[in-house]
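Since the structure comes first, as structure tokens, the remarks are kept for the end.
What's counted below: heavy atoms across the whole structure, side chains too, no hydrogens, waters or symmetry copies. Just so it is clear, the structure is predicted and the values come from calculations on it, not from any experiment. When a ligand or atom number is given, it counts from 1 through the structure's own listing order.
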Amino acid sequence: MSQQNDAFKKLVAHCKEYGFIFPSSEVYDGLSAVYDYGPYGVELKNNIKEYWWRSMVQMHENIVGIDAAIFMHPKTWKASGHVDAFNDPLVDNKDSKKRYRADVLIEEYMDKIEGKINKEVEKAQKRFGDTFDEAMYRSTNPRVAEYQQQFDTIKTRLATAMSQGDMAALKTLIEELEIADPDTGSRNWTEVRQFNLMFSTQLGNIAGEEGKLYLRPETAQGIFVNFLNVQKSTRQKVPFGIAQIGKAFRNEIVARQFIFRMREFEQMEMQFFIPPGTQKDWFDYWKDMRRKWHLALGTPASKLRFHKHENLAHYADAAEDIQFEFPFGFKELEGIHSRTDFDLGSHQELSGKKMQYFDPERNENYVPYVIETSIGCDRMFLAMMSHALTEETVPGSSDEGNTRDVLRLHPALAPVKAAILPLKRNEDRLVGKAKDIFNQLRLSFKVQYDDTGSIGKLYRRQDAIGTPYCITVDFDTLEDNTVTIRDRDTLVQDRVAIDRLEDIIRERVDMKQLFA
Ligand code: GAP
């Protein structure tokens, strides 16, 4: 666990040191759960968005994009159910004045029980060595069985209380388990109450409740309310999809784990409109497509898993998460939801405007059903960074014994595709030649010229930001128009003609390979 913590702390520090992510308004000590993307961060984030956008909109003839406004008519959120049901159970500690999510406090208690079970298993494993049968031990050891029963009972009670919105039951559970404020140890809790996660603000020209606006908590609703506009203007036929990338806002009570849970974040969402009754097949189709999208980036299958929702959101008849193994364990990266006709149906009802589609094949009108794929851009960023950041001993003769931090991002996502480095910075002819190469390559790729240190230091810096190639200009270059090109991962250095550089770089960084 502490090794995981160390890895995570290192990642956060790396993101700041190398200009990927900064705390928001840091000069004022930051704003909790709000972050800014720095120069390399924004490049990586843009590449993630481009990969997603192109794989949806460019690679599917029947998916089109939109960019809806963040502000929407307040009735949108009434119809979507967010005004009434987008709540988390909140509990305050009267002594520390700190706020917690009641369900998270209980889950953390359950984590501790799980930790105890794992400790017992580990101890037994050491004791019995190769002959250890873990399944047998878990089912027969009395102490483990007792912990497991305790765990299962709490899990059931929590799930029931959550699905029934029973705040009193959550409070009782907290009291019975004697859960204390993690910071102060105080057990002096308020009642548990529902807390709506939407941020609200006010329209300039209307006073009071009438003018109350919400910052969208999901981008999906901008798609739903535009369903007919898009369908009619593009003459798409069901099944078809609408994709959108944009900011979403949630007043999260517990905002931790860096950019994993933020109050302002970005979503990449696609709503796929389908005939009623076909949702099971399309749900499976999109599960498979989205898994492949992740695998294409080189993410090992062992780091991804599906997790079926037991408590379905108010709009869904099926939902699964794609979980990723973050440094703090497997957590939700993306959601795939079968949203039925809930959203279009509710907008139709509240607006009084028809949300129906005439299906020429079925010769009938219906409100389409929807399969949604929804992934947080920031979470995807965190997943990619945490998987990519590696500390390793440098192989190869010249660097032997040294360690390096290398960001093994997929080259198509790397913020900088190649760095052009003159062997000596105060040698005009080398600098001039390196700048010529830089000026030529910048027409095609995001490249960087750097002469601010020794070659060894420049290599280290490029490794740390994930640059797939370093191109070194030396005295031979002046004679024969060749350069050394160094591979970030293998550290192999090849001598190549300058006019081959563009092809070599393109072959590795082009997103085309991801779509294949
Ligand atoms: N439209 C459906 C929807 O919004 P969700 O599971 O609440 O579903 C979808 O969110 C994705 O958005 C999540 O899988 C996660 O990647 C991202 N996400 C949600 N809340 C977030 C937060 N507070 N900070 C960062 N990302 C978040």
Side-chain angles (χ1 to χ4, degrees), residues 21 24 31-37 45 48-49 52 68 70 72 76-77 79-82 85-88 101 104 195-199 214-225 241-272 283 286-287 290-291 293-294 304-326 328 330-340 342-344 346 370-386:
I21 297 179
S24 158
L31 180 63
S32 154
V34 186
Y35 291 91
D36 298 337
Y37 284 82
K45 198 179 182 206
I48 290 173
K49 289 196 270 190
W52 185 87
I70 287 171
M72 300 183 69
T76 309
W77 306 110
S80 69
H82 285 83
F86 196 52
N87 302 316
D88 276 343
R101 257 173 70 173
V104 171
F195 177 78
N196 193 287
L197 297 184
M198 282 194 294
F199 281 102
Y214 296 102
L215 272 70
R216 66 179 177 198
E218 62 170 8
T219 60
Q221 297 305 323
I223 294 179
F224 290 123
V225 297
I242 305 179
Q244 177 170 218
I245 299 177
K247 290 267 182 163
F249 304 83
R250 294 183 190 178
N251 201 357
E252 302 281 0
I253 301 164
V254 180
R256 283 189 303 213
Q257 290 157 331
F258 194 34
I259 57 169
F260 181 81
R261 196 176 299 286
M262 301 157 91
R263 296 203 165 98
E264 174 182 339
F265 57 101
E266 208 158 3
Q267 289 186 315
M268 307 188 283
E269 297 202 298
M270 194 278 298
Q271 313 295 321
F272 198 70
F283 186 70
W286 280 108
K287 265 178 64 183
R290 295 304 302 147
R291 186 168 174 275
W293 185 87
H294 290 284
L304 296 166
R305 71 180 187 196
F306 282 108
H307 168 78
K308 203 170 177 162
H309 283 213
E310 281 166 32
N311 298 322
L312 290 172
H314 56 275
Y315 51 71
D317 72 356
E320 290 196 33
D321 295 337
I322 296 180
Q323 293 188 334
F324 176 83
E325 192 178 16
F326 289 96
F328 37 83
F330 271 99
K331 298 273 178 223
E332 174 184 348
L333 169 60
E334 167 158 12
I336 297 154
H337 310 126
S338 175
R339 291 184 78 130
T340 67
F342 174 85
D343 301 88
L344 289 182
S346 302
V370 170
I371 303 298
E372 166 184 74
T373 74
S374 173
I375 176 166
C377 195
D378 314 271
R379 260 185 217 183
M380 185 62 192
F381 185 108
L382 184 59
M384 292 300 93
M385 286 293 284
S386 63

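Each of the atoms 1 (N), 2 (C) of ligand 1 lies under 4.0 Å from some heavy atom of Glu372. For ligand 1 and Phe260, the ligand atoms under 4.0 Å from any heavy atom of the residue are 24 (N), 25 (C), 26 (N). Close approach of ligand 1 to Glu334 is summarised as follows: ligand atoms under 4.0 Å from at least one heavy atom of the residue are 14 (O). Near Tyr315, with a cut-off below 4.0 Å to any heavy atom, the atoms of ligand 1 are 2 (C). Per-residue contacts place Gly335 under 4.0 angstrom from the following atoms of ligand 1 (heavy atoms of the residue considered): 14 (O).
The shortest N or O to N or O distance between Met262 and ligand 1 is below 3.5 Å. At least one N or O atom of Gly376 sits closer than 3.5 Å to an N or O atom of ligand 1. On a distance-only criterion, Asp378 and ligand 1 share no N/O pair closer than 3.5 Å. The distance criterion of under 3.5 Å between nitrogen or oxygen atoms is met by Gln267 with respect to ligand 1. Inclusion of Glu332 in the set of residues having an N or O under 3.5 Å from an N or O of ligand 1 is warranted.
Of the candidates Arg379, His337, Glu218, the one placing a heavy atom closest to atom 8 (O) of ligand 1 is His337. Checking Cys377, Ser80, Ser374, Pro217 against atom 9 (C) of ligand 1, the nearest heavy atom belongs to Ser374.
Paired with Phe260 under the rule ring-ring contact (aromatic ring centres under 6.0 Å, His included), one option of Phe265, Phe324, Phe328, Phe381 passes, and it is Phe328.
Remark: Glu325 CD to Arg305 CZ distance equals 8.0 Å, nearest 0.5 Å. With values rounded to the nearest 0.5 angstrom, Ile259 atom CD1 is found 4.5 Å from Leu382 atom CG. One finds the CD atom of Gln257 at 9.0 Å from the CZ atom of Arg379 (value rounded to the nearest 0.5 Å). With values rounded to the nearest 0.5 angstrom, Phe86 atom CZ is found 8.0 Å from Asn196 atom CG.
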Check your understanding: Would Ile375 and His294 count as a side-chain contact (heavy atoms from CB on, under 4.5 Å) if you check the C-alpha gap in whole Å, the side-chain angles of each, and the deciding distance to 0.1 Å?
Key -> CA-CA 11 Å; Ile375 176 166; His294 290 284; 3.6 Å; yes

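Seen from the ring of Phe249, Arg216 does not count as a face-on cation partner, given the 6.0 Å and 45° thresholds. Under a cutoff of 6.0 Å and an axis angle of 45°, Lys331 and Phe326 do not form a cation-pi pair.
By the criterion of a heavy-atom distance under 4.0 Å, the side chain of Arg339, and not its backbone, is placed next to ligand 1. In Met380, neither the side chain nor the backbone holds a heavy atom less than 4.0 Å from any atom of ligand 1. Residue contacts with ligand 1 for Leu333 involve N, CA, C or O but no side-chain atom from C-beta outward (heavy atoms, distance under 4.0 Å).
Here the protein heavy atom with the shortest distance to atom 19 (C) of ligand 1 is Arg250 NH1, 3.5 Å. Glu269 OE2, 3.6 Å is the protein heavy atom nearest to atom 3 (C) of ligand 1. The protein atom (non-hydrogen) at minimum distance from atom 26 (N) of ligand 1 is Phe265 CD1, 3.5 Å.
Taking all atoms of both residues into account, the shortest heavy-atom contact from Ile253 to Arg263 is O-NH2, 3.7 Å.
The pair Glu269-Arg339 does not count as a salt bridge, with every side-chain nitrogen at least 4.0 angstrom from each carboxylate oxygen.
Relative ring orientation between Phe258 and Tyr35 is described as perpendicular, the plane-to-plane angle rising above 60° on a 0-90° scale split at 30° and 60°.
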